[in-house]
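Taking it in order: structure first as structure tokens, then the write-up.
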2 protein chains.
Amino acid sequence: MGAIETAIDTVKQMIIDGELRPGQKLPVEKNLAEQLGVARNTLREAVRALVAMRVLQTRQGDGTYVTSLSPDLLLDGMSFVADIHLDAGAGEFLHVRRILEAEATALAATRIPDADLARLGDLLDEAETVAACDPVDHEKMVALDQDFHALIASHCGNAVLAAVIQNMSGRTVRARVWRGMSDPEAVHRTLREHRAVHRALLARDSERARLHAALHVLGVEESLTGSRAFAGEAAHG
Amino acid sequence: MGAIETAIDTVKQMIIDGELRPGQKLPVEKNLAEQLGVARNTLREAVRALVAMRVLQTRQGDGTYVTSLSPDLLLDGMSFVADIHLDAGAGEFLHVRRILEAEATALAATRIPDADLARLGDLLDEAETVAACDPVDHEKMVALDQDFHALIASHCGNAVLAAVIQNMSGRTVRARVWRGMSDPEAVHRTLREHRAVHRALLARDSERARLHAALHVLGVEESLTGSRAFAGEAAHG
DNA sequence: AACTCCAATTGATCCGATGAATGTGATTGG
DNA sequence: CCAATCACATTCATCGGATCAATTGGAGTT
């Protein structure tokens with residue numbers, strides 16, 4: 001095994017074993033390189049790899065530190081995975097997101113504070129205002145959509161679940177979904193579904209919330225594959 | 001923003017934009033560094049970070065290539081996240097795994113080929129043989145357990161779902177769970193649950209498979225939290 | 001006590017050189 | 001002509017040193 005990989009695994013193992021704790025400062029590059037028996041440049045590449053994984057954090061002039069290692073931090077590389085698979089695998093990502101978001105919404109129904117329920121309502125009001133404009137500000141809609149789902153997920157009581165959901169659909173994927181909604185009716189359908197989820201949360205009804213959340217993501221899935229035909233939209237026409 | 005982060009994001013964006021495709025060879029370090037306007041060492045640290053994310057792959061004497069970018073490859077850093085959170089967050093990871101594994105098992109019920117159903121049976125037979133030995137070879141049990149779940153997940157028809165499940169519980173977490181099963185009865189209960197999942201798959205019954213899979217993971221969760229704490233206290237005292 | 005300024009510390013970046021692994025094409029033997 | 005072998009060019013891996021930039025902490029001043 002190469003020297004760099006060895007150095008990476010050594011630091012990883014030190015963290016797993018508890019020798020390095022979150023927030024702790026590492027020795028200076030010169031000493032740590034000597035301790036691991038590699039050149040400073042080699043150590044830097046190992047450190048850089050761990051920084052990319054959000055395991056370490058460097059501050060010029062200060063030192064290198066272990067991050068908080070919180071799941072939401074370490075899992076945020078997943079959004080890049082979702083972004084580069086928006087052609088072939090977007091449907092698969094959305095399927096996973098549907099499963100997880102349904103569960104998270106059900107969990108949040110009994111945990112989200114009243115204040116944040118009100119904030120969800122505000123987000124929806126703002127989204128409807130934006131949707132009424134012509135032309136629609138898609139970037140604003142993407143941001144509001146993301147805030148809505150993130151706020152719910154953050155109150156499911158499971159940080160790992162929230163982090164995975166948050167990163168399951170990257171910005172690029174979400175932006176593409178909204179770009180595809182040039183049809184005003186599709187935008188309004190999405191807003192109706194969000195309202196339905198919100199009402200279920202207000203009623204503290206986990207099962208209703210679960211179903212509406214699942215149905216909402218399913219609608220997104222079907223609008224991506226172009227196979228929505230029988231649902232609510234045909235009834236309107 | 002630093003030069004290295006700029007280089008990382010540039011390469012990432014080239015992949016998202018399709019300028020760099022899976023399997024494609026990158027220019028030699030010297031040229032690419034010049035093209036991005038950084039020194040070779042700086043570029044190497046950027047490349048090393050992308051290698052750590054499984055986005056690039058380097059072969060000494062040959063060159064640097066874009067990987068297949070398949071979800072199972074890019075998501076395998078998650079196992080490290082699971083490993084370092086086995087103290088505080090193991091329960092949360094298992095909760096997510098329970099949700100996903102239940103769905104994947106239900107999906108696999110109608111998709112897994114007969115040959116692999118037979119192979120699942122072989123795995124269970126072997127596991128029972130190992131469990132009957134004294135002392136039990138825990139490493140062998142961990143490997144068989146992992147094979148069992150991986151084989152099912154691989155036939156759920158969703159590569160992303162399979163990859164997330166596969167990496168949701170890292171080796172360390174799984175090993176710890178099995179180490180905790182010094183009680184022969186816990187081992188036998190796990191094997192019974194595996195058999196139940198297997199029978200449901202044989203019957204091609206998605207709902208039965210879903211329930212048994214969820215129940216199985218739930219059992220692991222409970223053995224880690226409530227019961228295990230009790231048993232551990234008693235054993236220590 | 002609070003502020004300013006400077007020097008030490010530390011990571012960031014760059015440069016050049018050598019080692020190691022791979023691919024390629026010429027050479028050689030059949 | 002074909003196959004095996006070997007030397008060479010290419011390329012990444014690793015190393016040591018040098019300079020730049022940002023932060024920190026203490027000396028000195030008000």
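Each chain gets a letter, A, B and so on, in the order the sequences are listed, and its residues count up from 1. Side chains are part of it too, since the values below use all heavy atoms of this structure and drop only hydrogens, waters and symmetry mates.
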Q. Between A:Gln57 (CD) and C:dG11 (C1'), how many Å, whole number?
A. 13 Å
Q: Using whole Å, report how far NZ of B:Lys30 lies from C1' of D:dA13.
A: 18 Å
**Q.** Atom pair distance, as rounded to whole Å: CD in B:Glu29 and C1' in D:dT14
**A.** 11 Å
Q: Starting at atom CZ of B:Arg48, determine the distance to atom P of C:dT13, rounded to an integer number of angstrom.
A: 17 Å
Q | 5′-ward residue of the pair A:Gly61/A:Glu5 relative to DNA chain D | A | A:Glu5
Q: Determine: side-chain N/O of B:Thr64 to OP1/OP2 of D:dC12, distance under 4.0 Å, yes or no.
A: yes
Q. Would a 4.5 Å heavy-atom cut-off, applied to side chains only, mark B:Leu32 and B:Thr64 as touching?
A. no
Q) For B:Leu50 and D:dC12, what is the distance between atoms CG and P respectively, to the nearest whole Å? A) 14 Å
Q. Are the side chains of A:Glu45 and B:Val51 in touch, meaning some heavy atoms are under 4.5 Å apart?
A. no
Q. Considering only heavy atoms from C-beta outward, does the side chain of A:Val220 approach that of A:His216 to under 4.5 Å?
A. yes
Q) In whole angstrom, what separates A:Ile4's CD1 from D:dC15's P? A) 8 Å
Q. Does B:Asp62 come within less than 4.0 Å of B:Lys25, counting only side-chain N to carboxylate O?
A. yes
Q) Does the pair B:Glu221/B:Arg97 count as a salt bridge with the N-to-O cut at 4.0 Å? A) no
Q: Round to the nearest Å and state the distance from B:Glu34 atom CD to C:dC14 atom C1'.
A: 14 Å
Q.
Rounded to whole Å, how long is the line connecting atom CG of A:Leu56 with atom C1' of C:dA12?
A. 16 Å
Q) Where along residues 36-46 of chain A does a heavy atom fall under 4.0 Å from DNA chain C? A) A:Arg40, A:Asn41, A:Arg44
Q) Nearest to the side chain of A:Arg59, which nucleotide is it out of D:dT24, C:dG23, D:dT14? A) D:dT24
Q.
Using modelled atom types and a 3.5 Å cut-off, is there a donor and acceptor pairing between side-chain atoms of B:His149 and backbone atoms of B:Gln166?
A. no
Q) Taking side chain as C-beta onward, heavy atoms only, is B:His194 less than 4.5 Å from B:Thr190? A) yes
**Q.** Presence of donor-acceptor pair under 3.5 Å, side chain of B:Gln60 and base of C:dG23
**A.** no
